[in-house]
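Here the structure is laid out as structure tokens; the discussion comes afterwards.
Order of appearance sets the numbers: ligands from 1, and atoms from 1 within every ligand.
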Amino acid sequence: MSKLLITGGAGFIGSNFVRHILKKYPDYQVVVYDKLTYAGRLENLQDVADNPRYTFVRGDICDAGLVDKVIQKHRIEAVINFAAETHVDRSILNPGSFIQTDVYGTYVLLEAVRKFDLRRYVQVGTDEVYGSCPQGSFSEADRLGPSSPYSASKAGADLLVLSYFVTWRLPVVVTRSSNNFGPFQYPEKLIPLFITNAINSQPLPLYGDGLNVRDWLYVFDNCEAIDLVLHQGQAGEIYNIGADQERTNLEVTELILKTLNRPRSLIQFVKDRPGHDRRYSLDCFKIRSLGWRPQRKFETALAETVQWYQDNQDWWRKIKSGEFRLYYEKQYGKTLTGTAEVPGKKY
Ligand code: NAD
Ligand code: DAU
């Protein structure tokens, strides 16, 4: 199984996974298939662009004809599907593209895996499908309770994937990971948004009381886990991937400010996200039984991530002055109007 199709490979986790595979497996060929939405960026893969074992194809996972052609042309043996619309707030503003890509796109890929009798299909999923976890932790057997159009679309995709195992014994596996952070994460998500705003001395818009809890997983640890599931996961199974590093958003925010030596007064409590899940928590016994453990501690990994955003300002400044600016105004415009913007600091 050395010829991989990595869909959504120009995004945050996908691009880190491409680097991981090319480095770890010297005989593997990787084809990245990505629509290059606002979140997909060829710069994310610039360092592998000249690698003869890497090919990029621009395409939509909903385009069955092109998916089939690429699989045949490159003699693909396995598909790892990262392609999705991924931002909860955008799914609240505009759910349609989430249903189209996350559900219908997954169906198109499954049909191709079935038609060409591929050896493995990995669906990269999320802990958000379980919904909020008031106490304890969710295991893979727990019922789904998605709260947003994003998580509902991802839940639909997971169920579709698993149905292809039950009906056709397709060799599928599903991962469900907690919140990732690290290099190349689009600065609409909490950690990169707050790091880049803090570097710019701009307000950090914390939703509600700031006490929602997420379990933070360094992206490199997730890449190791997905690799393990790709090679050793059991067909038809789901694997939770969490780091056991639960923090409130306020704790994360304070740590970012401290690392960057910025004042606490940059924190701005804003209107809560509708349907905002209070806490996510995963029981990761299954993936740990395969031998996986997260290698990085949250505080160390966050410091490395802050450093990466400090060292790669060209990457995110370009984003912040483009499409993202319009989105940001739409998302935060009302709540931020007339508040303490630091004079002279603009995107
Ligand atoms: P991202 O938004 O950074 O990247 C998504 C990628 O998918 C982009 O490159 C985009 O261009 C591509 N894409 C979107 N629609 C497409 C389409 N129709 N056809 C082809 N490509 C398309 O996302 P990410 O954070 O890297 O997440 C990757 C996967 O991991 C997603 O499936 C997401 O649901 C899942 N996930 C993410 C996290 C997280 O914390 N980031 C946690 C758990 C699960
Ligand atoms: O849990 C896995 C999921 O993590 C992935 O499936 C999603 O693709 C990914 O976007 C992420 O979803 P979240 O909604 O948890 O991530 P986000 O970074 O948007 O928000 C993290 C927390 O921070 C959440 O409680 C909302 C809060 N938040 C977020 C933003 C963008 C704020 O308080 N202010 C903000 O401006």
### Query
Does Thr126, backbone or side chain, put an N or O under 3.5 Å from an N or O of ligand 1?
no
### Query
Mind checking whether Lys35 has an N or O less than 3.5 Å away from an N or O of ligand 1?
yes
### Query
Below 3.5 angstrom, do we get any N/O pair linking Glu85 and ligand 1?
no
### Task
Indicate yes or no: does an N/O atom of Asp60 lie under 3.5 Å from an N/O atom of ligand 1?
yes
### Query
Between Lys154 and Asp102, does at least one N-O distance fall below 4.0 Å, as a salt bridge requires?
no
### Nearest neighbour of atom 13 (P) of ligand 2 from the list Arg278, Lys189, Glu128, Gln331, on a heavy-atom basis
Glu128
### Query
Is it true that Glu188 and Arg90 make a salt bridge, defined as a side-chain N closer than 4.0 Å to a carboxylate O?
yes
#### Entry: ligand 1 N/O within reach of Thr86 N/O, cut-off under 3.5 Å
yes
### Query
Does ligand 1 have an atom that lies less than 4.0 angstrom from a heavy atom of Ser178?
yes
### Query
Please state which protein non-hydrogen atom is closest to atom 33 (C) of ligand 1 and give its distance, to 0.1 Å?
Tyr150 OH, 3.5 Å
### Message
Is Gly125 close enough to touch ligand 1? Criterion: a residue heavy atom under 4.0 Å from a ligand atom.
### Response
yes
### Query
For ligand 1, is Asp34 a contact, meaning one of its heavy atoms is under 4.0 Å away?
yes
### Task
Measure from atom 28 (N) of ligand 2 to every heavy atom in Phe181, Tyr207, Tyr332 and give the option owning the shortest one.
Tyr207
### Message
Over 60° means perpendicular and under 30° means parallel, so tell me whether Trp315 and Tyr309 are parallel, tilted or perpendicular.
### Response
perpendicular
### Message
So is Ser97 touching ligand 1 or not, going by heavy atoms under 4.0 Å?
### Response
no
### Message
Could you check whether any heavy atom of Tyr186 sits closer than 4.0 Å to an atom of ligand 1, since that is the contact criterion I want to use?
### Response
no
### Query
Under a heavy-atom criterion of less than 4.0 Å, does Cys62 contact ligand 1?
no
